[in-house]
Amino acid sequence: MLGTLWGRRWPAAALVAGIVLAGGAAAGCAATRPPRHDYGTIPAAGTLPVRHASHVASAGKTTNAGAAISVTAVPVRVAIPALGVDAPVVPVGVAADGTLGIPARPSVVGWWAGGSSPGRSSGATVLVGHVDSAAAGPGALFRLPAIRPGEVVTVTAASRSWRYVVQAVRAYPKATLPAARVFGQQVAPRLVIVTCGGPFDAATGHYLDNIVVWAVPAR
Amino acid sequence: MRSPKLGIALTAVALSLAGGSAAALSAAPARAATGDASVTIVHGIPNTPVDVYANGKEILPDFTFKTVTSPLSLPAGSYTIDVRKAGSSASSTPILTATEQVPAGANVTIVADLTAAGKPALTPFVNDTSAVGDGKGRLVVRHTAAAPAVDVYAGSAKVIGGLTNGQQQALTVPAGTVSAKITLAGQTAAVLGPVNVPVTAGMGTVVYAIGSASGHTLTAVTQQYPLGGMPLAAQAGSGGLGADPTTPGWPFAVAAVTGLILALTGAMALVRRRWTC
C-alpha cells in the first residue's frame with residue numbers, strides 16, 4: 001500500500017526536492033561571494049580655506065599674524081565604539097618605495113605624520129592599522145571592514161576627543177588603490193582609515209585589497 | 001624590537017653644517033611645492049623658562065628647558081621669532097630674536113640653545129624628509145650644547161666622530177632601539193647616556209644634545225618627524241585571519257546539477273505517466 005503510494009508519487013517528490021536543492025545551491029553560492037565593501041559616498045573635496053601667506057610675510061613686523069600658526073594635535077588614541085576598537089596611535093612615515101609605514105606592533109595604529117591632524121582647517125588625517133599579523137594574530141583594526149556609514153570614530157589628540165562620522169567604506173585591489181583620493185591633502189577636514197582586507201594571498205603573505213574608510217568631523 | 005648590529009648597519013649619509021642664519025632655512029628642500037610648513041621648537045637653555053613669540057604673537061607661554069613642541073603648522077612666509085623671559089611683557093626686549101624665511105612645505109626645527117661658549121642662541125635646522133628604505137628610519141644627532149666636540153656611540157661602536165656645536169649628522173638605520181652614548185671627542189667615558197633611542201621605520205628621529213657640560217646640565221631630548229612624500233600603498237596585514245571567505249564553489253555546483261537532474265527526472269516521469277494513464 002505504502003509502496004504503491006510511493007511508486008506513484010516519487011516523480012513529484014523528486015521534482016520538489018530537485019528544485020529545492022538547486023535553489024538552495026544558488027542561494028548558498030551567492031552568500032559566499034565576498035562583500036562588495038561599497039557603502040556610502042566618499043566626501044567631496046569641499047571648500048578649502050584660503051591662506052594668504054603674504055599677510056604674514058611683511059617685513060617681520062606684522063602683528064597678529066601668529067593666528068595662522070596652529071599646533072599639531074598629534075593623535076594618541078583611536079576608538080570605534082560600534083566595533084569595540086580602542087587602540088593607541090603612534091606617528092608613521094613613508095618608505096622610499098611609497099609604502100605607508102605601519103607600527104611594528106599590530107595592536108598599535110599608525111598616524112601618517114606627513115598628513116593632516118585633528119582640528120586643522122583642511123586636509124586628511126590618515127590612520128593606518130593592521131587587520132592582523134601572521135605572528136601576533138588579529139590586529140587593532142581587525143573588525144574595521146565591518147564598519148558602516150553613520151558609525152562614529154573618536155580620535156584622541158591634544159588632550160581632547162575629536163568625533164568623526166563615517167561617510168563611506170570601500171575596498172580596492174592594492175594595485176589600483178587611488179592614492180591621491182585616499183591620501184590627498186587638498187580637501188576639507190576628514191579622517192581616512194586604511195587597513196587590509198579582501199582575499200588573502202598565502203604565497204605572498206599579503207591581502208589583495210585595501211579597505212578604506214572615510215569620515216568627516218561630527219557637527 | 002630588534003637590536004641591530006649598529007657597527008655594521010649604520011651608514012653615514014650626510015654631514016651638514018647648520019649656521020645660525022636665515023640663509024640655512026632658505027635652502028630648505030620643500031616637501032611639497034605648496035602647503036603649510038612644519039616647524040618644531042626645542043628648548044635647550046637650562047634654568048631659563050621663556051615665552052616664545054612669532055610675528056608679535058605669543059605662541060609658547062612658559063616654555064621650559066628640555067621641552068620639544070608638537071610640530072607647528074604655518075603658512076610659508078617670513079617669521080620673526082622673539083624669545084622673552086617667561087612672564088615678561090610682550091613689549092620688553094627679547095633675550096633672543098631671529099627672522100626666518102619658512103618655505104612652503106618645509107620641515108624645520110628651531111632650537112633655543114647654548115653656543116659652545118655657553119651663550120643663548122637660536123639655531124635653525126632643516127629636517128631632511130627624503131625617504132629611506134622600507135623598514136628603516138633616519139637617526140640624526142645634533143650638537144646644541146655648551147660642550148666641546150663629541151663622539152657618538154651606538155652600542156659599543158663609534159658612529160659619529162668629532163661633532164661640534166651647531167653641527168648635525170644623519171644615519172640610516174634599521175627600525176629598532178639604538179643604545180646611544182655621547183663622549184667628549186676621543187674619550188670613552190659617557191658625558192651623556194647611554195639612552196635608548198627608538199627608531200621608527202619611515203620616520204626621522206633627532207637626538208639633541210642640550211645643556212651645559214660645565215654647568216652639569218648636559219642631557220638629550222628627541223624629536224620625530226615623518227619621511228617620504230605622499231603614500232602610494234599600505235600593507236596592513238600578514239595573517240590572513242580577516243580574509244574574505246573563500247569557500248570553494250564546487251559543492252554548490254554539484255548540488256545544483258544534482259537538483260536539476262532530480263527535478264527533470266521527476267518532471268519527465270510525471271509527464272510520461274500522464275501520457276500512459
Side-chain angles (χ1 to χ4, degrees), chain A residues 11-12 14-15 17-19 21-22 25-26 28-29 32 34 51 53 56-57 60 62-66 68-72 74 91-102 113-114 128-134 138 142 174 177 179 183 194-200 202 205-207 210, chain B residues 35 54-57 59 69-80 99 131-134 175 200-203 224-247 249 252-253 255-256 258-267 269-270 273:
Chain A
L15 180 59
I19 289 168
L21 193 56
C29 196
T32 62
R51 308 288 291 272
V56 294
T62 323
T63 55
N64 214 22
I69 300 174
S70 62
V71 180
T72 302
V74 176
V92 295
V94 178
D97 64 1
T99 305
L100 182 58
I102 190 159
V128 56
H130 287 273
V131 64
D132 64 9
S133 92
F142 185 68
K174 281 180 181 168
L177 182 73
F183 302 111
V194 182
T195 188
C196 284
F200 184 74
H206 290 307
Y207 288 86
N210 280 123
Chain B
N55 289 352
K57 193 198 177 207
I59 54 168
T69 65
S70 291
L72 307 172
S73 172
L74 41 81
S78 176
Y79 290 88
T80 295
T99 297
V132 295
D134 195 21
T200 308
M203 298 288 287
Q224 282 205 317
Y225 67 91
L227 306 179
M230 178 85 77
L232 301 174
Q235 296 288 359
S238 60
L241 296 172
D244 285 339
T246 49
T247 313
F252 296 103
T258 309
L260 285 174
I261 291 172
L262 200 56
L264 200 61
T265 310
L270 282 174
R273 188 170 294 167

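Residue numbering restarts at 1 for every chain, and letters A, B, ... go by the order of the sequence lines. Quantities reported herein were computed from a predicted structural model and do not represent experimental measurements. FYI, side chains are in, hydrogens and waters are out, and symmetry mates aren't considered; it's all heavy atoms of this structure.
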Participant: Using side chain to side chain contact (heavy atoms under 4.5 Å, CB included) as the criterion, list what pairs up with A95(A), not counting sequence neighbours.
Facilitator: D97(A), D134(B)

Participant: Between G101(A), A179(A), G98(A), which residue shows the highest count of heavy-atom pairs closer than 4.5 Å to chain B?
Facilitator: G98(A)

Participant: Under 3.5 Å, side chain of N55(B) to main-chain N/O of T80(B), donor-acceptor pair present?
Facilitator: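 Answer holds: yes.
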
Participant: Please answer whether the main-chain N or O of A233(B) pairs with a side-chain N or O of K174(A) as donor and acceptor at a distance below 3.5 Å.
Facilitator: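 Absent.
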
Participant: What part of V92(A) gets within 4.5 angstrom of chain B, counting heavy atoms only: side chain, backbone, both, or neither?
Facilitator: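 The backbone, not the side chain.
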
Participant: Side chain, backbone, both or neither: which part of F142(A) has an atom under 4.5 Å from a heavy atom of chain B?
Facilitator: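 F142(A) touches chain B through side-chain heavy atoms alone.
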
Participant: Taking the side chain as every heavy atom from C-beta outward, state whether Y207(A) and T195(A) have any atom pair closer than 4.5 Å.
Facilitator: no

Participant: In terms of heavy-atom pairs under 4.5 Å with chain A, which of A131(B), S70(B), P71(B) leads?
Facilitator: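 Heavy-atom pair counts peak at P71(B).
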
